[in-house]
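One structure below.
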Amino acid sequence: MAGEFLVDLHTHSTASDGTMSPTELMRAAKNAGLSAIALTDHDTGNGLAEAAAEAEKLGVRFVPGIEISADFPAPGQLHILGHFIDPDSAGLKKMSSILLESRNERNPKIIARLNELGCRISMEQVEAIAREGVAAGKAVVIGRPHIAEALMRAGCVASVRQAFDVYLGTTGAAYFPKERLTPRQAIECIHEAGGLATIAHAVHLRCDNPAHLQTVVSNLAEAGMDGIEVWHCDHDARHVEMTLALSKRYNLLPTGGSDFHGRPKPDVALGRGRDNVRVPAEVLDRLEARWKERQLAMNEHE
Ligand code: AMP
Ligand code: FE
Ligand code: FE
Ligand code: ZN
């Protein structure tokens, strides 16, 4: 729609498994005509200061965020987004370092298994891929997409999708789980950092049917969730309809974003997803209003 202000509340940078630096991502948001963007890297707030500084220069509204993986029965995955978090929160930093340690234990196991299966890649190669475009001395979170890229470069697979299907996905031959927070712990950590917690991409919960999804969402709302992602690159019209209905039923704020990663998801565009994402700025306004209410209530409590 002409004149409509669009936002993207779910994106990744080189601080986790995206391929654009926080600065490049903010410039891409400006070029895409977005009025606001949230950076929500996996398990880390390390890209937030750089992104905030660049967004301010460009006049793009910026929301500091994070995406945390929480415990959930396989083959489903529960990712929890945090928006309006304080990147300097001590609790959040502690949680990040625990999750990073667990990745540091898992990644070599995945690579050892891949080597057993005949895929000759090394931890050094994966680290080098994760560090591409990242300034020296900056921390990065190394994840399976970096391993997928190494597999592609070694000629073991033809695509990221194939890497996950055959090796890295929950049913893949080289899958190892990593330590996770319980949903309640993740929500509390986000709340302690002053943020709002929302259920990311409900489609990846892989619930058997709408009734099961409703139970899961109801329990998560009970556990303190503030919102649910409605618009997402992997949500079709039916998922949008279901999550929007659940947002109303359980008084959860609807959010949305592309889950842009850059090269690992070449068909997903910033602000647009697979041409199925258009998040109006009013969604962010409502989120911000709830956040401000929360801040006020917390200050009155002190
Ligand atoms: P990790 O953080 O190491 O557990 O890797 C999880 C990330 O891998 C997700 O956030 C996605 O970016 C990516 N991912 C997970 N499953 C797939 C898949 N089937 N195809 C492509 N990317 C995936
Ligand atoms: Fe990712
Ligand atoms: Fe996710
Ligand atoms: Zn994401």
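- We find the CG-SG distance between D259 and C233 to be 5.0 Å, quoted to the nearest 0.5 Å.
- Summarising the geometry of A200 relative to H10, their closest heavy-atom pair is CB-CE1, 4.3 Å, with the distance given to 0.1 Å.
- Using the six-membered ring where Trp is involved, H42 and H79 have ring planes that are perpendicular, over 60° apart on the 30 and 60° scheme.
- Classification of E116 and R113 as a salt-bridged pair holds, one side-chain N sitting under 4.0 Å from a carboxylate O.
- Within a 6.0 Å sphere centred on CD of Q295, heavy atoms belonging to other residues, nucleotides or ligands number more than 12.
- I121 places a side-chain heavy atom less than 4.5 Å from the side chain of V126.
- Between the side chain of N107 and the backbone N or O of I142 there is at least one donor-acceptor pair closer than 3.5 Å.
- With hydrogens and angles ignored, the 3.5 Å screen pairs a side-chain donor or acceptor of R106 with a backbone N or O of F176.
- Residues H146 and E132 have side chains that never bring a donor and an acceptor to within less than 3.5 angstrom of each other.
- Looking only at side-chain heavy atoms (C-beta outward), E179 and E101 stay at 4.5 Å or farther from each other.
- Under a 3.5 Å cut-off, the side chain of S102 and the backbone N or O of I98 do not form any donor-acceptor pair.
- In this structure, a donor-acceptor pair under 3.5 Å is present between the side chains of E50 and T23.
- Taking 4.5 Å as the limit, some side-chain heavy atom of M225 sits within range of a side-chain heavy atom of L252.
- In this structure, the side chain of W231 does not engage the main chain of D8 through any donor-acceptor pair within 3.5 Å.
- Annotation: side chain of I37 is in contact with side chain of L25 (closest heavy-atom distance under 4.5 Å).
- Not counting sequence neighbours, T14 has no partner by the side-chain hydrogen bond (donor to acceptor under 3.5 Å, both in side chains) test.
- A salt bridge links R263 to E149: at least one charged side-chain nitrogen sits closer than 4.0 Å to a carboxylate oxygen.
- The environment of R249 atom CZ is sparse: at most 12 non-hydrogen atoms of other residues, nucleotides or ligands sit within 6.0 angstrom.
- If you check the side chains of Y250 and E222, you find no donor sitting under 3.5 Å from an acceptor.
- The shortest non-hydrogen separation linking P75 to T170 is O-OG1, 4.1 Å.
- Using cut-offs of 30° and 60° for the angle between ring planes, the H235 and H239 rings count as tilted.
- Formation of a donor-acceptor pair under 3.5 Å by the D71 side chain with backbone atoms of R180 is not found in this model.
- Considering only heavy atoms from C-beta on, I80 comes within 4.5 Å of I187 through its side chain.
- Within the 4.5 Å cutoff, side-chain heavy atoms of R120 are placed close to those of N115.
- The backbone N or O of L181 sits nowhere less than 3.5 Å from a side-chain atom of Q185 that would complete a donor-acceptor pair.
- Salt-bridge check for E54 with K57: passed, with a basic side-chain N closer than 4.0 Å to an acidic carboxylate O.
- Between R61 and E288, at least one side-chain N (NZ, or NE/NH1/NH2) sits under 4.0 Å from a carboxylate O, which counts as a salt bridge.
- Residues P264 and H12 form no side-chain contact, since every pair of their non-hydrogen atoms from C-beta on lies 4.5 Å or further apart.
- Between H83 and D226, every side-chain heavy-atom pair lies at or beyond the 4.5 Å cut-off.
- In terms of modelled atom types and a separation under 3.5 Å, the side chain of S96 and the main chain of D43 share a donor-acceptor contact.
- A distance-only check finds a donor-acceptor pair linking the side chain of H212 to the backbone of D208 [under 3.5 Å].
- Judged purely by atom type and a 3.5 angstrom limit, T255 has no side-chain atom pairing as donor or acceptor with the backbone of V283.
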